[in-house]
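When a ligand or atom number is given, it counts from 1 through the structure's own listing order.
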Amino acid sequence: MGKVGIIMGSDSDIPVMQGATEMLERLETPFEVSISSAHRTPEGTAEWAEGARERGVEVIIAGAGASAALPGVVAAYTDLPVIGVPLKAWAFDGMDALLSIAQMPPGVPVACVGVNGAKNAALQAARILALNDEDLRERLAEYRGEQAASVHEKNERLQDKGMGDY
Ligand code: RP5
């Protein structure tokens, strides 16, 4: 089974990016995780991206905040699918990173999830890997079932207790 390559710009991104690693662990999907910065360690970032396929990576999740060049730079050095996670840093509630990642120039694609959307990035990466993995597809279906059950449960509680006592 191919793995997910996770890269993030700084250790300050770890608390949010843990949302991705926890989801992948839950889905029993292998991953590797690294810190590398498009601006502070550009050569290392290029090397990481160029070597990803050889390391068995099939999908990349790249998280960065502020002027978030990392997902785009990674996408420039590989043909693997890249999912960018805009992270909320110190300004603009993450809008800076969201626009940096979403507004890639034509020809270099990055799929962008919502601000701090590490969990969804992991689910999307798993869906891509599941195209060729029936067992993973079943685990994803199970997860969706659990989610639905939780919503039904909440609705039953609401019907039972009403808005005031919920
Ligand atoms: C980005 O700048 C990183 O991805 C991080 O979100 C942000 C701040 O980095 P640190 O100054 O905390 O290292 O490159």
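Regarding atom 12 (O) of ligand 1, its nearest protein heavy-atom neighbour is Ser12 OG, 2.7 Å.
Closest heavy-atom approach to atom 1 (C) of ligand 1 among the candidates Pro86, Gly9, Gly65: Gly65.
Using a 4.0 Å cut-off between charged side-chain N and carboxylate O, Glu134 and Arg137 make a salt bridge.
With a heavy-atom cut-off of 4.0 Å, Ala89 does not touch ligand 1 at all. With a heavy-atom cut-off of 4.0 Å, Leu87 does not touch ligand 1 at all. Residue contacts with ligand 1, taken as heavy atom pairs separated by less than 4.0 Å, do not involve Met8 at all.
Using a 4.5 Å heavy-atom cutoff, the side chains of Glu32 and Val57 are in contact. Looking at heavy atoms from C-beta onward, Val115 lies out of side-chain contact with Phe92 at the 4.5 angstrom threshold. In this structure the side chain of Met17 reaches within 4.5 angstrom of the side chain of Leu87, judged on heavy atoms.
For the pairing with Ile83, the side chain to side chain contact (heavy atoms under 4.5 Å, CB included) check across Val59, Ile6, Ile60 returns one residue only, Val59.
Any N or O atom pair closer than 3.5 Å counts here, and Trp90 shares no such pair with ligand 1. At a 3.5 angstrom cut-off on N or O pairs, Ser10 counts as close to ligand 1. Between Asp13 and ligand 1, at least one N/O pair is under 3.5 Å apart.
The contact set between ligand 1 and Ala64, taken as ligand atoms under 4.0 Å from a residue heavy atom, comprises 4 (O).
Around the CG atom of Asp79, the shell of radius 6.0 Å holds no more than 12 heavy atoms that belong to other residues, nucleotides or ligands.
Side-chain contact, Ser36 with Thr41: a donor N or O sits under 3.5 Å from an acceptor N or O.
Heavy-atom separations between Arg40 and ligand 1 include at least one value shorter than 4.0 Å.
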